[in-house]
Amino acid sequence: MSSETRPRILMCRPDYFEVSYTINPWMDPNAWQAESGQLAAQSRSQWEGLYRNITGLGVTVDLHTPRPGVPDMVFTANAAVVLDRKALLARFLDPERQAEEVFHQDVLENLVAEGVMDEVSTLPQGMFQEGAGDCLWDGSRDLFWAGYGQRSRREAYAYVASFFDRKVVTLELVDSRYYHVDTCLAVLNSGHIVYYPPAFSGDSIERLRTEVGGDQWLIAAGEEDASRLGVNLVNIGTKVVMAVCSPMLERNLNNAGFEVIRSPLPAFGMSGGAAACLTLRLH
Ligand code: ARG
């Protein structure tokens with residue numbers, strides 16, 4: 001792999017990761033508190049496992065500086081939407097995560113200073129959009145799949161479309177457990193889409209089916225995978241790195257030409273996140 005084609009991902013070590021507030025149904029601060037020392041240690045080793053798996057696939061990983069008081073900063077997928085060396089910073093719905101915004105701006109501006117990216121921009125006032133975790137790039141179709149109805153607002157996507165000059169297909173998320181589109185949909189570089197149908201409105205399922213150009217491109221995940229955040233995966237080349245994978249989903253991924261690498265992340269599951277959430281692909 002030449003350095004030009006080497007994928008680049010932003011991650012953040014979980015030095016201050018914990019579950020200390022509730023902004024989605026996965027988060028229970030009391031459950032975390034009951035075993036906080038152990039869970040903090042587990043989160044560090046699980047994160048290191050993911051880091052090793054990802055760097056082992058030839059990815060260059062840039063590291064964000066961990067900060068106290070913003071435990072969800074580890075979920076770098078939410079920092080910004082990134083494409084064509086441009087970043088559009090997230091604006092979070094919840095004040096607990098709004099506190100991260102200046103740090104995400106910092107790290108992305110540093111990447112501009114290093115020549116890795118060209119531009120960092122912000123959304124107009126009043127628009128909420130939670131970064132790549134809610135806006136997935138599909139390079140095969142030259143479009144974004146974007147979630148709304150939980151954290152991000154549908155109105156923000158007209159701006160995203162004009163900022164990147166790309167089509168954005170919006171999908172309504174109807175289950176609060178699947179509050180970002182990356183918890184219930186993943187794009188594979190073959191053009192396949194892994195998704196968990198019950199997380200989407202009926203209209204949005206129709207829109208998805210119309211856009212993908214044939215059901216052979218859709219891989220439906222079941223409750224068993226979705227409810228353990230297996231759909232929240234990272235695809236590098238022909239490998240798929242995921243926290244969990246049922247035998248049936250693994251068979252479907254194998255048939256689509258992919259090999260599964262399991263990277264367990266249960267401590268992050270307590271915050272509602274897994275592999276994709278912990279990575280920001282610098283497309
Ligand atoms: N606790 C975090 C939140 O609720 C988890 C974010 C996971 N990130 C993601 N891209 N789904 O915001």
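Note that the structure is a prediction, hence the values are computed from the model and not measured. Read the numbers this way: they start at 1 and go in the same order the structure lists the ligands and their atoms.
Ring geometry for Phe92 against His104 counts as tilted: the plane angle lies between 30° and 60°, on a 0 to 90° scale.
In this structure, Trp145 and Val181 approach most closely via the heavy-atom pair O-CG1, 3.9 Å.
With a 4.0 Å heavy-atom cut-off, ligand 1 is reached by no atom of Asp134.
Contact annotation: Trp26 has no heavy atom less than 4.0 Å from any atom of ligand 1. Using 4.0 Å as the threshold, Glu130 has no heavy atom nearer than that to any atom of ligand 1.
With respect to atom 10 (N) of ligand 1, the closest heavy atom belonging to the protein is Asp182 OD2, 2.8 Å. The protein heavy-atom contact nearest to atom 2 (C) of ligand 1 is Asp72 OD2, 3.3 Å. Considering only non-hydrogen protein atoms, atom 12 (O) of ligand 1 sits nearest to Arg97 NH1, 2.8 Å. The nearest heavy-atom contact from the protein to atom 9 (C) of ligand 1 is Cys277 SG, 2.8 Å. Scanning the protein heavy atoms around atom 8 (N) of ligand 1, the nearest turns out to be Asn78 OD1, 2.9 Å.
Remark: ligand 1 atoms within the under-4.0 Å shell around heavy atoms of Arg151 are 3 (C), 4 (O), 12 (O). In the vicinity of Ile23, heavy-atom distances shorter than 4.0 Å reach the ligand 1 atoms 3 (C), 4 (O), 12 (O). Under a 4.0 Å criterion applied to the non-hydrogen atoms of Gly133, ligand 1 contributes the atoms 10 (N).
In this structure, Phe144 and Leu83 have side chains that are in contact, with non-hydrogen atoms separated by less than 4.5 Å. Arg207 is listed as a side-chain neighbour of Thr170, based on a closest heavy-atom distance under 4.5 Å.
Residues passing the ring-ring contact (aromatic ring centres under 6.0 Å, His included) test with Tyr195, sequence neighbours excluded: none. For Tyr178, the ring-ring contact (aromatic ring centres under 6.0 Å, His included) partners two or more places apart in sequence, or in a different chain, are Tyr196.
Sparse packing is recorded around CG of Asp165, with 12 or fewer heavy atoms of other residues, nucleotides or ligands lying under 6.0 Å away.
Inclusion of Thr183 in the set of residues having an N or O under 3.5 Å from an N or O of ligand 1 is not warranted. Residue contacts with ligand 1: Asn232 is placed with no nitrogen or oxygen under 3.5 Å of a nitrogen or oxygen of the ligand (distance criterion only).
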Handout entry: Arg166/Asp84 under side chain to side chain contact (heavy atoms under 4.5 Å, CB included): CA gap, chis, key distance, verdict
Key = CA-CA 11 Å; Arg166 292 300 206 291; Asp84 297 340; 3.0 Å; yes
Handout entry: Candidate pair Met11 and Val59, rule side chain to side chain contact (heavy atoms under 4.5 Å, CB included), full reasoning
Key = CA-CA 11 Å; Met11 294 178 72; Val59 175; over 6 Å; no
